[in-house]
Every structure is written in C-alpha cells, then in structure tokens.
Amino acid sequence: MEIDWSVIDKKWQKKWSENNDHETDYNDKEKKFITVAYPYPNSPQHIGHGRTYTITDVHSRYLRMKGFNVLFPMGFHYTGTPILGMAKRVEANDAELIEGFKTLYKVPEDKIKEFAEPVKIADYFHDEIKSGMIEMGYSIDWRREFTTIDPAYQKFIEWQFRNLKEKNLIVQGSHPVGWCPKDQNPVSQHDTLGDVEPDFTEYIIIKFDLNGVKIPVATLRPETLFGVTNIWINPQVTYQKIKVNDEIWIASPECARKLEFLEKKIEVIEDVSGSDFVGQSAKAPHNDDSIVILPASFVKSDNGTGIVMSVPAHAPFDYQALLDCKSGKNKSITSDLLKNIQNIEPISMIKTEGLGDIPAKDIVERMGISDQDDPKLEDATKEIYSKEFYEGILADNTKQFAGKKISEAKDEIKEWITEIESADILLELTNSPVKCRCGAECVVKLLSNQWFLDYSNKDWKDKAHTCFEKMNIFPNEIRPEFDQVLDWLRERACARQHGLGTKVPWDKEWLVESLADSVIYMAFYIISKYVNKKEIDGNNLTDEFFDYVFYGKNDSEEIANKINITKEKLEEIRTEFLYFYPVDARHSGRDLVPNHLTFFVLNHVALFPEENWPQEIVVNGSVLMGGKKMSKSMGNIIPLREAVRKYGADPIRLTILISAELLQDADFNAEAINGIKNKLESMYEDCNKIKAEEISELEPEDKWILSMLQNLASNVSESMDKIRLREALHHILYDFDSELQWYLKRTKSKQRTNISGILHKIFSNRILMLSPFAPHMAEEIWEKLGNTELASKSAWPSSVGIEFDPTSIQTETLLKSIIDDINNILKVTKISPKKITIYTADKWKSKAYSLILRNVLDGETNIGTIIKSLIANKETEEIKKDPDFVKKILNDILSESIELRKGKMDVEQIDESQIISSELASLVKNDYNVELNVFSESDSEKYDPKNKAKTARPFKPAILIE
RNA sequence: GCGGGAGUCGCCCAGCCUGGCCAAAGGCGCAGGGCUUAGGACCCUGUCUUUUAGGAGUUCGUGGGUUCAAAUCCCACCUCCCGCACCA
C-alpha cells in the first residue's frame, strides 16, 4: 500500500492546531517547562537542527502523555552580527552569497533584493524555519513566539543588564580583538576572506635605554632577559623615531602602525636607518648593563618592533647570528667593533634536564646550521622553546626567580619588568595577513571601555557549580565538561558595536552581545504570551514590572497603574511565572556546552532565587549525512522542509533518533530512512487488519505475550525517563517483533482464531508508545484501531493493566529452548525428522536444580561446595552417580539472565511433562509435521533405543530425533 | 599544550557505570527460501571458525594485571574525534 505521508502529516497537524492542543496555560496539574535553544534565522534549518528540536518535541510529548501540563515554546534569535554581514554582502552584490540564496535556499529573487536590510533576512528565514517546525509536527505553543528585537524583549534585556550591573557582575575593561581598520569593526572567522579566524599572540616589549631614547625589543620569552648579551637590529631596514605617549622609541614603521591600535598615541618624528645604531650600546633595564647593538639579517621589520634582544645561550637564531658576527662574515661590522665583540659569550640561565648549558649551541651544531638565514633555525627554536618552557628551571643568575619553572615564572617576570616601567605589550596576528571581506588587512585592536560579564567572579562560579551539582545532565558523561568550562571561564565581553540587538542601557554606544541576551529568555515566554495577546504593551514595560513578575517586589497595584494594565493582569503574569518556572529541561546541541548552556546556568543563578534554578540539561550530538559531516562545500546539507516533502515528517524524526544515542553523531542516509518508512508502513498495514474483539479465556501464550507487553512498557518508560530515545524506539519498533513472531507461531500451530483482541491490545499500546516519536502516523493508526480520542491525548501506557505472569515466562522459555535445540540438532545432522521423542528429567534432578539455583542466587558458585551440600542431602544424594551433572546445571543457570533465575525461584517448578505434551506437540507438528512422544526419564516403559533419556536435565529435556 | 570523548563480529550502532544473562541486541548490507505475472515491499532462514546430536574453539584497539569468571574492573601503550572565547 502506498502511503501519502504529506496527507497524513497535514491532516493531524490541522487537527492539533484546531484543538489548540499545544497551547499551555497554568492550571492545577503538575507542569513541565521544556525549552530548547531558539534558532538564529540566517539560513533555513537543515536535518541537523531538526535533531535537537525533535528530541525536545518527543520529550514534551512524552511528558504530556504522562499527565503533565507541558509548555514547549519557541522564539527567534535575531541578535548578532552574521546577519548584518550577510546584508552587507547582498548590498555589495556578492555573487557567491546571492547564488547560494537562489540555488541552495531557493529564495525568490524579489526577496533577495530586500536582503540588503538585515531584518528582512531574519524575517524571511524566521518564517521558513517556523513553517518547517510546524511541518515536523513539533508541539510548540506558538502564542508565545517572539524575536529578540521586539520592544518588549529589549526592555527585558535592559532589565537583565541593569540587574547584573547592580550586582557588579558587569565590569569595564579593555580587550584585544581582530579588527578591520576600514570597517572600524571587530572581525572573526565569518568576516574574513577564506574564513580564517584572526589568531594573535602577546609579545612583551622590553625597553632598553639609549641616552633617553627607548630601544624596544619584542619577545615571547621575557624570562630570557637574564641571558641577554646584545641587541639585534637589521641594518637594511629604515626604522622610525616615534613618540609613543610620552616616550621616544625607535621601531619599525609596521610596529608603529600596530601600536596605534593598542591604545597608544603615536607621532612619527623621523626616519632612521638601522645601520645608524650598529655598534652603539643601550642600558639593560634590570641591571643597567651596557648592551651592544649588532646587525642581523634575520630580524624582520614586520615582526614585533623590528628589534630583538639576543640570548645566544637559549635562542638558536641568536647563537648563529652571533657566530656570523664574530667570524667577520657580517659585512656591516667595522673592524673596531669586530674586535670588541670577540669576548661576547652566551650566558646560560636555564637548566633543563637532557639539554646542555648552551642548548642553542648544541642544536645548531647538531642540525648542521651554517648561517642565520637557514630555515632549519625555526625548528631548532621550537624544539628548545617547548622543552625549556615545560621542563626548564631558572638558574642562579636569575636573582629572585632562581629555581622556578619557566612555565610558572613567566608571568611573574613579566609583572616585575612592567613594575620597573620597562615593559609594554604588543599584540600581533600570528596568521597574518588576515584580510577582511572588504579587502582591508586586519590588525589587532585593543578595544577600550569594553563591557564584560565577570565570569571570573569566584562566588558566582561557586553558585553555578552548586546548581550543576543538583541538576540532571543527560547524558551524564558530559558533566565533567561543564565543570571544566566553568572553572576555565573568565571575563567575557558582553557588548558589541554592530549588529542587531538591544542597546546597553547605560552606554548607548554599545549593543548587548548575542550570547549575553539569550541566557534567561525562557522566563520571557511567560510575558510574550500577554504581549502577543495585546494585553500588555511591550513599549510600556519597566524594570519594576519585571521585578514584580520575577521577584514579586513592591506593590502590584502601583506598578500596574504605571504601565496601564490591571492589577489582576499583573498578578496573573506573576502567578503564571511562578507556575512554569523553573525550567524543567533545556535542550541543545553539544556545541553550546562551553558557551550558551553554561552561561544559561550562570545567569540564572545570578538573577533568580534558588527555587527557580534550572533543573535539567539535555545535550545531543550532531547529524552526519551518509557518514560525512554536513557542510556547504560538500553540498550535502538537506534543508529540513525539503526532506519533509520528500520523506514525510515521521520517517525523518525516527531516522535521526534511532541512529545514535544522545551524544553520538547520528547518521542520516537513504537506506536508513527507507528502512524506517517500510517499518512504519508495515505496522500501519498490520493494524488495518486488527479488530478490537473481546478477549476470551487466556491461554499460556496469551499470558506470556501480555507479560512481555508489560515488560516492554516498563522498559520503554525507563528509557524515556533517561532520555534514551534511541533505546526506547528500538524497544517499540524492533525488540518486540521477535516476541510477536513467537506468539503468532504458537497461536498458528494451535490453530487459534480468537487472538484479534489480544493483538489489538498489543498494537494499541505500541502505537501509544510510538506516538511521541511518530505523532502523525500514530494518530492515523490509532484512529484506524477504532479510537475516537487522539493518541497524543491518551495516557502513556506505563502499565498495560495486565498481571505479569512469571509461570508463562518459564513455560515459553522452555518451549523455545526445546525448539532451538531441535533446530540445532537438525542443522548439524542434516536429517529430516520422522519422529521426535522427548525425555524429561528425574524428580531428584529437579530437586538438585533448585538447590543449585538457591546457591547461585545466594552467591555460591563454587562447584565443590555445592556438590558436598548436595551429597549431604538425602533427596539429592543420587548426584554421586553423575557429578558432571552439577557442572552442567551450574553452567545452565549461569548462562541465564538474573531475572529468569529469580523467576524460577519465585514460582513453583513447572510441570515439564505436562507442558511439553500439551503445548509442544502442536509446535512440532506445525514446524516438522511429525508426531511427538514424551517420556519421563524414570519411566520404565519408555522408548529409548539410543539411551538418551539419562542426559535429561531440568529445563533441558533429552531429545531423540529419528 | 590544556580539557573532554571514542576505538565492538562487512558497515552503522548497543552493551561497559552495577563482571557471569555475551559469539555479544538492533539496523543496513549480503546469501538462500516464501509471497508475487515481474519488480518493489513484506515474511522466514542464515551471515567469526568448526562440528552428522543440541557441542567446541577463537574474538570486543594493543600489551599486561585482578577474578572461579573480563567487551565490562585496574595499569601502560597506540590510534582517532571534538572544544579552547568575544563567535552564533
């Protein structure tokens, strides 16, 4: 049968929407507030986004069926810079981007024209994403929808920011960023040509003094100051004499430009040649030693200040350059100078195990380096640097720092030089040149007056840790990562100068950064409903209003009057907030662990009382396409709406859920989705045939299958409670099939015609369990099964209302294992059976069996001990004849599940002869079309030509096939 | 470098926390059979090696160890993936 998925999808989506099934207000029932990270509408959603939202929807639907009043709302995050960047590119007629809109996203041309305006982009994809969510059947309360640039939301963010500032959690400082000097804007990966992230490093500038003029050397290793022997300058380079704030420096022109962006006032006085300084001496800041300036070609003007200090003992470049000087190879050295420098020797000042006193010398010699322009010097430098950094100890000639590890002393030394006013900081790109999309070359800029969320605040961190400790984290494996992130977090910029968003309330030059305005918005879903219903005017909202709704502060009547609503309305909003808060679950992809999810907790603990702290975080992995990462360049991104049109909502939902557990990457591929489609279709067909008949007297197999159904229900519920959706789905869709097969085989061989009622019960329960996962198909089948209520409105079948029957489990297990054994024998012997004879075990064996079982359950598995106790017992002393029997029984028992063992202990021992005679005969007749004879081992009249009977064991009767 | 995680029977993916239900679930693929005019779908059987009696052997990245018993616990090693900030 061909199923038109879209017809079914639409049919039930319409019904849910007509019934307002997903609109949730406060009432007397227990609530669950389930939220998920809202989307950033700069592109349509693809299957990967669908995973997080689908998991959230399944969670919501499950809890709804469990009887909770579940709120699942959605908003749209307009705030941020990428959309702004896109709008600029549209305005500039960027062919690549526009082509992408056309072919990849299928945006109509007239719409693209409007995209020069950023809000239009957001609006367009907002609609697109929302439609996709509806088409996926997400049970969202759309009355609460908002965007982060709505006036009411902006008031809310202002309240949040003022509140954090009052608590001293927002502080001011400066911060380095990648910067485009032309756009006057910070740049990050998506703003640059080739999508490179500007990466920068901090050089320490140490200032040597030359008659009042500063000779600044830039270094990554300030600790090596103690080993300085000379200074290198490039005689080929034209330097500049510049005024830096109040000092006069000599530096390369490139350096002068860099310094301008680092909050320095720069004035160029004149050009000077590097060669002018060769042979002069400058005073070292730490000991006033006179340090000679020597020429070196390896010094580059675009690196640091264009001047470096020389530490020949520990820097291979310096060692080699010094050799070049002393040997007279370097022509810019006068003969006088040449004489003077012959006594310059490397000063060893770091001791490292495995390295000599002068490691630079050793490595230069080892690598066979011959001059300072040898590229091998880079490797040599790296090797020594990392070894010394992690293992090096500062030597005695380093004064107060002697004995310390480099990795520890580095910062102390930096501070010390800074204190004696001989140091400065130079930030420099390590992956330059980085070009902005506008074409300009980027620099590092120190942004001053930047606003920070002070995530380094100890009390704040502690509180967040406390919250995490009490929270459920699914899956729990991710918990250490949260703790780690929390510890590592420090001040974080929370304001930007461009993009969409809310102005920082006390500093209108700045906009609230988009990861800062998206941390407590779950609370806003309560308010947005009233704004959307026009019961309150977003423009009127005040801090007092939010203080009342969230904290119950001050007098409701007074506040209500001020914002022109009734006191009752205001109190209603407060009541609703108190009802829905705290957030019971927050879902998101794992990429948000180190940022949003952690900030979400931090901001909640800062702004809300403990009873309103989040209760649970659920994190999921991403989705792969046919085993590969989704990416634009691979062209393997499938927009969600396109996929829904192609496959139907439910097959997509199930495919992304069943392919992996929460944290694993799920794989989406054509085979998987077809498998799911077929599975659903065959369930649909099966259910079409079943009628809801009266269930008559229960036969053993009926009791068994219903017990298994009960098992299924409790297993699935358990998985659902742990958000192990893959596992739950497996139980529902596949695991039960083999039980059902056995049941059908049993009833078929008994030629029963009265099982429709039982099957109806089984499928009804399975469909209900399937309903959160495949809501459309479940409703459709549920209707076919003759129900008038919606499946999604029915109670979750935690229990199927059947008494669990352990005896029937024993019976069916016995029958199955005999059939298995017969099949095994037939397979090995390849005979076609004419007659099958079964021998059941003697009474004393049964007695021994239960004694051994008792022992195992009590933890006694030592054969010797067990045998002794059996021999001591009159009823079982016969085992003396066959001690091997005990070993076999013990293995039988150990190879069974603990449940089964307990089951055997709990119920009366089943009468094997009786069961085999009454139930097995029909199966054997059905499967092999032969007669079955049953004897007891002790039966003296038995037919036993091959002497098989004596091998019979309890639950393992002997078999003779002829 | 720091931090987190993973390596399972052709592939994907469970199992590991709480050792014995484990030659190890399920899906996909593959082979055979059934159904069908045919194909698809569906159903059955098989899919580490070996075995003419329901058995035996060797497997869970590698090497050790603990234990009566290890995919599971401990130690070491190898390989791979992800995050590391002002960006959603």
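Naming: A, B, ... by sequence-line order, numbering from 1 per chain.
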Next item on the list: Could you tell me whether A:S518 contacts a base, only the sugar-phosphate backbone, or nothing, with contacts defined as non-hydrogen atoms closer than 4.0 Å?
Entry: nothing
**Prompt:** Going by atom types alone, do A:R724 and A:H730 pair a side-chain donor with an acceptor below 3.5 Å?
**Reply:** no
Ranking A:A672 and A:F599 by the position along RNA chain B of their nearest nucleotide, the one closer to 5' is A:A672
**Item:** Side-chain-base donor-acceptor pair under 3.5 Å for A:N595 and B:A88
**Value:** yes
Closest to the side chain of A:L489, out of B:A88, B:U52, B:A85, is B:A85
Across every strand shown, the nucleotide meeting Watson-Crick or G-U wobble geometry with B:A6 (both distances under 3.5 Å) is B:U79
Ignoring hydrogens and angles, are the base of B:G54 and the side chain of A:N824 linked by a donor-acceptor pair under 3.5 Å? no
Verify the distance criterion only: is there a donor paired with an acceptor across the side chains of A:Y928 and A:N823 at less than 3.5 Å? yes
> Within less than 4.0 Å of OP1 or OP2 of B:G55, is there a side-chain N or O belonging to A:K956?
Replying inline: yes
To the nearest angstrom, the CD1-P distance between A:I478 and B:A6 comes to 10 Å
| message | In whole Å, measure the gap between the C1' atoms of B:U79 and B:C28 for me. | response | 26 Å
Winner on side-chain proximity to A:P480, out of B:U51, B:G5, B:C86, is B:G5
Ranking B:A88, B:G26, B:A53 by distance to the side chain of A:D735, first place goes to B:G26
*Neighbour count >12 (heavy atoms, 6.0 Å) for atom NZ, A:K748*: no
Across every strand shown, the nucleotide meeting Watson-Crick or G-U wobble geometry with B:U72 (both distances under 3.5 Å) is none
Is A:L663 touching bases, backbone alone, or none of the nucleic acid, heavy atoms closer than 4.0 Å? nothing
_What contact category does A:R724 fall into here, base, sugar-phosphate, or nothing, at under 4.0 angstrom with non-hydrogen atoms?_
sugar-phosphate
Quick note, A:E513 side chain, CB onward, closest among B:A53, B:C84, B:A88 is B:A88
Between the CD1 atom in A:I809 and the CG atom in A:L814, the distance rounded to the nearest 0.5 Å is 13.0 Å
- Is A:T951 touching bases, backbone alone, or none of the nucleic acid, heavy atoms closer than 4.0 Å? base
Open item on the list: Under 4.0 Å, heavy atoms only, any strand: does A:E491 hit a base, just the sugar-phosphate, or nothing?
Closed with: base
When rounded to the nearest Å, what value does the distance between P atoms of B:U72 and B:G63 take?
13 Å
* Please work out if A:L515 contacts a base, only the sugar-phosphate, or nothing of the nucleic acid, heavy-atom cut-off 4.0 Å. => base
Against the side chain of A:A493, the closest entry in B:A85, B:C86, B:A53 is B:C86
Among B:G4, B:C84, B:A88, the one nearest any side-chain atom of A:E481 is B:G4
Inset, instruction - Select base, sugar-phosphate, or nothing to describe what A:P833 touches, counting heavy atoms under 4.0 Å on all strands. - result: nothing
One thing to verify: whether A:E718 and A:K722 come together as a salt bridge, which I'm taking to mean a side-chain N less than 4.0 angstrom from a carboxylate O.
yes
When rounded to whole Å, the OH to C1' distance for the pair A:Y839 and B:G54 reads 15 Å
Checklist line | Centroid separation A:Y455 to A:F599 less than 6.0 Å | finding: yes
Considering only heavy side-chain atoms of A:Y734, the closest of B:G55, B:G26, B:A53 is B:G26
Here the distance between atom P of B:G27 and atom CD of A:E727, to the nearest Å, is 16 Å
| query | Base, sugar-phosphate, or nothing for A:Q664, non-hydrogen atoms under 4.0 angstrom? | reply | sugar-phosphate
Between A:H596 and A:D591, do the side chains contain a donor N or O and an acceptor N or O under 3.5 Å apart? no
The nucleotide from B:C86, B:G27, B:G54 with an atom nearest the side chain of A:I825 is B:G54
Of A:D667 and A:A495, the one whose closest nucleotide on RNA chain B sits nearer the 5' end is A:D667
task: Can you tell me, in whole Å, how much space there is between the P of B:G20 and that of B:A69?
output: 15 Å
Does the distance from a Lys or Arg side-chain N to an Asp or Glu carboxylate O, for A:K679 and A:D737, drop under 4.0 Å? yes
Taken to the nearest whole Å, CG/A:D665 to C1'/B:G7 is 15 Å
Sugar-phosphate only, base, or nothing, as touched by A:I961 at under 4.0 Å among non-hydrogen atoms
base
| N or O in side chain of A:S514 less than 4.0 angstrom from B:A88 OP1/OP2 | yes
Practice prompt. Check the side chains of A:T840 and A:E912 for a donor-acceptor pair under 3.5 angstrom, ignoring hydrogens and angles.
Written response: no
Taking B:U18 as the reference, what is the distance to B:A71 when you measure between their C1' atoms (whole Å, please)?
15 Å
Atom CG of A:L744 and atom P of B:C43 are separated, to the nearest Å, by 12 Å
Between CG of A:D737 and C1' of B:C44 the distance, given in whole Å, is 13 Å
What nucleic acid atoms does A:A958 come within less than 4.0 Å of, heavy atoms only: base, sugar-phosphate, or nothing? base
Could you check whether A:H587 and A:N620, counting side-chain N and O atoms only, form a donor-acceptor pair closer than 3.5 Å? no
Mate of B:C22 across any strand shown (Watson-Crick or G-U wobble, both atom pairs under 3.5 Å) is none
If pairing means Watson-Crick or G-U wobble with both distances under 3.5 Å, then the partner of B:U49 is B:A56
- Query: Using atom C1' of each nucleotide, how far apart are B:C17 and B:A70 to the nearest Å?
  - Reply: 15 Å
Q) So what does A:E661 hit on the nucleic acid, given a heavy-atom distance under 4.0 Å: a base, only sugar-phosphate, or nothing? A) sugar-phosphate
Can you tell me, in whole Å, how much space there is between the P of B:C9 and that of B:C78?
23 Å
- prompt: Quantified in whole Å, what is the C1' atom distance between nucleotide B:C60 and nucleotide B:C73?
  reply: 16 Å
* To do: Mind checking A:R490 for me? I need base, sugar-phosphate or nothing, with any heavy atom below 4.0 Å counting as a touch.
  => base
Looking only at B:A88, B:G26, B:U51, the nucleotide nearest the A:K827 side chain is B:U51
Applying the 3.5 Å cut-off to both distances, the Watson-Crick or G-U partner of B:C42 turns out to be B:G34
- [ ] For B:U45 versus B:G27, give the span between their P atoms, rounded off to a whole number of Å.
- [x] 12 Å
- Message: Whether A:N678 contacts B:C42 is assessed here as follows: a side-chain N or O lying under 4.0 Å from the phosphate OP1 or OP2. Is that the case?
- Response: yes
Taken to the nearest whole Å, OH/A:Y455 to C1'/B:C84 is 17 Å
